[in-house]
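Below is one structure, written out as structure tokens; the observations come after it.
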Amino acid sequence: MKNKLINIRTEALADVRVAGTIDALEDIRIKYLGRKGALTLILRSLGNVPPEERASIGKLSNQYKSDIETALDDKKNELTHTSSGGMIQKQWIDVTLDRETATARESLGRLHPITQIQYEIEDIVTSMGFEIHDGPEVETDYYNFEALNIPRHHPARDMQDTFWTEDGNLLRTHTSAIQVRAMEKRKPPFRIVGPGRVFRYESTDASHENTFYQVEGMMVDRDITVAHLIYVMKELLKEIFQRQVTVRLRPGYFPFVEPGFELDIHCLICDGAGCSVCKQSGWVELLPCGLVHPNVLRMGGIDPEVWSGFAFGLGLNRLVMMKYGINDIRHFLSGDIRFLMQF
Ligand code: FA5
């Protein structure tokens, strides 16, 4: 019996030594110490052992049981430590790294300054009751010119040369095409704005691009006058620049408005002293506008005897240039990350 006990202990400790997982240890415990385990069966059969040996066999059995339990516990600790060690290796976190450095390295993207200003303007004008409308960048001749009182062969088309597709469509030259589409969708009275990208076939310089952004605005109601137009334009610019800006109105010719104006603002880059952006004039052309021409209303299915309206076309690139003191429009499409990171 004593030899049998010694064998069980030796075998159990050897099993524990080679066990590689916690589950394997549990199997070993069951094999030797479980209800039908080898050592348990011996303890249970102590009654059959001759009385003179019973005490010493009992004592030895308990001693071996405790040896096996200790070995199982030690091995379990060892395995737990190694597996969490593995996890720590895999999921290594540098707790000493400060958050600022970590996020700077991620170099998160952000909205382009033109998109930012577009969203700002959308917020301002929607608070004034304007709806936001959209239109396609590849337009038909009708929406870009015809319906805006610029018939084929009219010299006014030369003011906005553009890129044509082979099937007779064009890259829209202005967001005014959106006002035509809006008139088809809305019955007066209404107020809409239409932001978007526009294209012109022209050579570039510090204040001219071939691809730029505008926001069109149109309000149609009864008895709309130039006073309404000026009030809304001034409020809009005040909100955008968060300060009063000096404006001037000059007569401007656009076939789709009558009367038409050029609203200029005092150059915020040179403060009126003269620079490359304002072409040394101290003023920047920012906001052409006017009262909607009766022909345009008529083409849009609106009776000009009953309704009148104003419209404006805000150039977003030049607006951002004024707001942040940017001295060359070509930065916007340069894709230069150093420029974009500033906004
Ligand atoms: C127009 O595009 C008219 N559709 C605006 C309008 C709407 C007038 C409604 C009346 C009523 P204009 O061609 O001037 O107008 O352009 C409007 C604005 O777009 C300009 O004030 C300027 O800010 C901007 N812009 C025009 N051409 C360029 C260009 N090549 N590069 C950058 N911005 C430009």
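In this chain, residues are counted from 1 in sequence order. Whatever order the structure lists ligands and atoms in, that order sets their numbers, starting from 1.
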Let me check something: any side-chain donor-acceptor pairs from residues 271-282 under 3.5 Å, sequence neighbours excluded? List them with distances.
unit_1 : atom_1 : unit_2 : atom_2 : d
Gln280 : OE1    : Cys275 : N      : 3.4
Gln280 : NE2    : Cys275 : O      : 3.4
Ser281 : OG     : Cys278 : O      : 2.7
Ser281 : OG     : Trp283 : N      : 3.1
Ser281 : OG     : Trp283 : O      : 3.0

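Not counting sequence neighbours, Arg35 has no partner by the salt bridge (Lys or Arg N to Asp or Glu O under 4.0 Å) test. Scanning for salt bridge (Lys or Arg N to Asp or Glu O under 4.0 Å) contacts around Arg157 gives Asp141, Glu146, with sequence neighbours left out.
Of the possible polar contacts, one joining the Thr21 side chain to the Ala24 backbone as a donor-acceptor pair under 3.5 Å is found.
When heavy-atom distances to ligand 1 are checked against 4.0 Å, the residues falling inside are Gln160, His174, Ser176, Arg200, Glu202, Ser207, His208, Glu209, Phe212, Gln214, Glu216, Phe254, Phe256, Val257, Glu285, Leu286, Pro288, Cys289, Ala311, Phe312, Gly313, Gly315, Arg318, Ile329, ordered by chain and number.
Atom CG of Asp167 has more than 12 neighbouring heavy atoms from other residues, nucleotides or ligands inside a 6.0 Å radius.
None of Leu33, Thr70, Leu5 except one satisfies the side chain to side chain contact (heavy atoms under 4.5 Å, CB included) rule with Lys65; the exception is Leu33.
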